[in-house]
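See structure below.
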Amino acid sequence: MGLDKDLFVANSLIHFYAECSKVDLGRKVFDKMLVRNVVSWTSLINGYSGVDMAKEAVSLFFEMVEAGVQPNPVTMVCAISACAKLRDLELGKKVCAFMNELGVKHNTLMMNALLDMYMKCGDVCAAREIFDECTDKNLVMYNTIMSYYVHHGLAGEVLVVLDEMLQKGQRPDKVTMLSTIAACAQLGDLSIGKSSHAYVFRNRLESWDNISNAIIDMYMKCGKREAACKVFDSMLNKTVVTWNSLIAGLVRDGDVELALKIFGEMPESNLVSWNTMIGAMVQESMFEEAIDLFREMQNQGIKGDRVTMVGIASACGYLGSLDLAKWIYTYIEKNDIHIDMQLGTSLVDMFSRCGDPRNAMHVFGNMEKRDASAWTAAIRVMAVEGNAKGAIELFNEMLKQEVIPDDFVFVALLTACSHGGYVDQGRHLFWSMEKTHGVSPQIVHYGCMVDLLGRAGLLEEAIDLMKSMPMEPNDVIWGSFLAACRKHKNVELARYADEKITQLVPERVGIHVLVSNIYASAGKWTDVARVRLEMKEKGVQKVPGSSSIEVHGLIHEFTSGDESHTENTQIGLMLHEIDCRLCQAGYVPDTTNVLLNIDEQEKEYLLSRHSEKLAMAYGLINTSKGIPIRVVKNLRMCSDCHTFAKLVSKLYSREITIRDNNRYHFFKEGLCSCRDYW
DNA sequence: CTAGGGTTAG
C-alpha cells in the first residue's frame with residue numbers, strides 16, 4: 001500500500017516536471033525510484049519529447065520495452081510523435097513494429113499520431129494506408145491528413161478527403177476550412193474557393209484571422225484581386241500575414257510597383273515581407289534593386305534566411321558579379337544558414353553564372369540531397385563552359401543514383417552538347433528523351449536541337465527538323481537559326497528565314513538586328529537598309545551592347561562607343577596601345593562584325609569601341625598584373641572581340657573571363673576555353 | 001497554423 005502511494009507521488013512529480021519543461025528534475029526522480037510502472041516511463045518519455053529531446057525519448061522507449069514493461073496507448077503516442085519530430089522514418093517504423101509485436105490496443109489518438117508521423121517523415125503512402133484502414137475517423141484525423149496534403153502540394157487529395165468526410169456526415173470546422181481554402185489557392189479552384197468562403201461566412205468562422213488570410217491568398221491566387229481586397233478591407237485584425245498575402249498576390253499579378261508602395265506603408269513587416277519584395281525584384285529582372293533591398297535589410301539589422309539568400313543568389317547570378325557571389329556564400333556560412341536543396345541549387349547556379357565552376361561544383365558536392373533540379377544546375381555548370389563531356393558524365397551519374405530526369409535536365413544537356421559541339425551525342429540524347437526516359441520533347445528541346453545543328457553548320461538538317469516539328473517554330477528558334485546562318489555565312493537561308501520571321505513576329509528586336517547583321521557581314525547593304533527601315537517604322541530599338549567589370553568592389557558599366565566614363569581618356573590611350581601591340585602580333589580587325597554601310601576606317605573605329613573592349617581596357621588600367629579580368633556582357637560577344645581577348649590574354653599575360661548572355665569564355669595565354677567553338 | 005524560395009533555347 002505504501003509503495004503504491006510512493007509510486008503515485010513519484011509519477012505525479014515526473015508528470016509535473018514534464019509539464020514545466022524541467023525534464024532533468026523528472027529524470028532525477030525517475031532514477032531514484034525503486035519500483036516503476038508504465039506511467040513512470042511514459043511520463044518521462046513525454047517530458048523528453050516536450051523539450052525537443054526526441055532522441056532521448058525514443059531510446060527511453062526502447063529501454064522500457066527491454067525492461068519488459070508493456071507500453072500503453074499513451075506511451076505509443078509519445079514515442080511515435082518523438083519519431084515524427086525527428087523526421088526519422090526508419091525509427092518510426094521500428095517503434096511501430098514493437099507496437100504490433102506487443103499487441104498494444106489501437107485507439108484513435110494513436111492512429112492520429114501514426115498518421116502524423118508518416119506524413120512528417122514524408123511517407124505519404126503509409127499515411128494514406130493508415131487513414132484508409134481506420135474505421136472510426138474523427139475530425140482531427142481528417143484535419144491532420146488534409147493539412148499535410150496541403151503542405152506537400154497535393155491539393156487535389158485535400159478535396160477528395162473533404163468529399164469523403166462530407167459524405168460520412170462530418171462537419172468541417174475552421175481547421176478543415178483552412179486546409180480546403182489553401183488547397184483551392186494551390187489549384188486555382190475558384191468555384192470551391194467561393195463556396196468555402198460562403199461556408200465560412202455562414203458559420204461565423206471568419207473571425208479566426210487565419211481563415212481570412214487564407215481567403216485573401218486564395219482569391220489572389222485565383223486572379224480575383226477585387227474579391228481579395230474586399231475581404232482585406234473588411235478585416236478588423238489585420239496582421240503581418242494579411243499584409244504579406246496582399247503584397248505577394250500583387251507581385252504574382254505583376255503589379256510590383258503597387259506592392260512596393262504598400263510594402264513601404266505597411267504598419268508592420270517581417271522577414272517574409274522583405275523576402276517577398278526581393279523575390280519581386282528578381283522576377284522583374286531588377287537585380288541591382290534586389291541587392292539594394294538586401295543591403296537595406298542589413299542596415300536595419302535584419303538577418304536574411306534561406307529564402308532571402310535564394311533570391312539574392314539568383315539576382316547575383318544574373319549580375320555575374322563573382323565578388324558578390326563569394327560574399328554571399330561567406331554570409332551564408334557566417335550566419336549558419338542551412339543550405340537545403342533549393343538554396344544549394346540557387347548557389348550552384350549563381351557560381352556557374354559568375355563563371356566560377358569550381359565553387360559551383362563545390363557547393364553541389366556538399367549538398368545533402370540532390371533532386372533533378374539540383375543535377376540540372378550542375379549540368380548547366382558544364383553547359384556554360386561548353387563541357388559537353390562533363391555534362392553527359394553528370395547525367396549518367398544522376399541516372400545511376402536513380403534520380404528521374406525531367407524536361408529541364410534535357411534542356412541543360414542539349415545546351416551543353418550544343419556549346420561543346422557534341423552533335424551525335426546531342427541527337428542521340430534528343431531521341432532517347434521520349435524512348436528511354438518518357439519525357440516528350442517540347443518546343444524548347446527542338447530549340448536546343450536547331451541551335452546544336454545550326455552551330456555545327458548542319459543548316460539543312462536544322463531546317464528539316466523545324467519543318468518536321470509537331471509545333472510551329474517560334475521567334476527564338478528562328479533567332480538561333482539566324483545566328484547559325486550568320487556564323488556559317490549563309491545568306492540564302494538567312495533570307496528565307498527573314499521572310500518567315502517577318503510574318504511571325506514583327507516586333508522582336510534581337511532577331512531583326514541579327515538579320516541586318518547577316519546582310520551587313522555579307523555586304524548586302526540594300527537588304528540592311530530595308531531591314532533597318534522596317535525596324536524604324538515599327539519603332540523597334542536595338543538593345544545596346546553593354547559590358548560591366550567589377551574593380552575594387554565597384555561595378556563599372558560600359559555601353560558600345562561609351563565616352564562618358566571619367567577615365568575615358570586613359571581608356572582611349574589604353575585601347576590605342578593594345579591595338580598597336582596587337583597589330584605587331586598580326587591582328588587584323590574583323591570588320592564584318594560592324595553592320596553599318598560606312599568606310600573601313602570608321603568600321604574599325606566602331607569595332608574598337610565595343611563595350612567588352614572598353615571594359616577590358618579599363619580592367620587592364622585599374623588592376624595589377626596577375627589579377628584576372630572579369631567582364632559580363634548582356635549580348636553575345638562578337639567574333640572580333642573574341643579574337644581580341646585571346647590576344648590580350650597572351651600579350652598582357654592576363655586571365656580574362658567574359659560571360660555573355662548565355663555562356664562564358666575563359667581566355668588564357670592566347671587560347672579560349674571554348675576552343676573557338678561557340 | 002495562414003504569407004516568402006531553385007532551373008527552360010539565343
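A, B, ... follow the sequence lines: proteins, then strands. Residue 1 opens every chain.
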Side chain A:Asn662 and base B:dA9 donor-acceptor under 3.5 Å: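 Donor-acceptor pair under 3.5 Å: no.
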Looking across every strand, which nucleic acid part, if any, lies under 4.0 Å from [X] by heavy atom: base, sugar-phosphate, or nothing?
| X | result |
| --- | --- |
| A:Ile443 | base |
| A:Asn661 | nothing |
| A:Thr276 | sugar-phosphate |
| A:Arg663 | nothing |
| A:Arg306 | base |
| A:Asp406 | nothing |
| A:Ile477 | base |
| A:Phe232 | nothing |
| A:Arg455 | sugar-phosphate |

With sequence neighbours excluded, residues passing side chain to side chain donor-acceptor pair (under 3.5 Å) with A:Asp660: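 Residues passing side chain to side chain donor-acceptor pair (under 3.5 Å) with A:Asp660: none at all.
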If we ignore hydrogens and angles and just use 3.5 Å, is the side chain of A:Asn203 paired with the main-chain N or O of A:Leu205 as donor and acceptor?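 A pair under 3.5 Å: no.
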Rounded to whole angstrom units, what separation is found between the CG atom of A:Asn634 and the P atom of B:dG10?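 In whole Å, B:dG10 P and A:Asn634 CG are 16 Å from each other.
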In whole angstrom, what separates A:Leu205's CG from B:dC1's C1'?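 Interatomic distance, CG of A:Leu205 to C1' of B:dC1: 15 Å.
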Can you tell me if A:Arg353 touches the phosphate of B:dT7, counting only side-chain N or O atoms and a distance under 4.0 Å to OP1 or OP2?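 So the side chain of A:Arg353 is outside the cut-off, no N or O lying under 4.0 Å from OP1 or OP2 of B:dT7.
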Identify whether the distance between the nearest side-chain nitrogen and carboxylate oxygen of A:Asp292 and A:Arg295 falls below 4.0 Å.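 Looking at A:Asp292 and A:Arg295, the cut-off is met.
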Does the pair A:Asp340/A:Lys369 count as a salt bridge with the N-to-O cut at 4.0 Å?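 Salt bridge between A:Asp340 and A:Lys369, a charged N being under 4.0 Å from a carboxylate O: no.
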Closest to the A:Lys221 side chain, choosing from B:dG10, B:dG6, B:dA3: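 Output: B:dA3.
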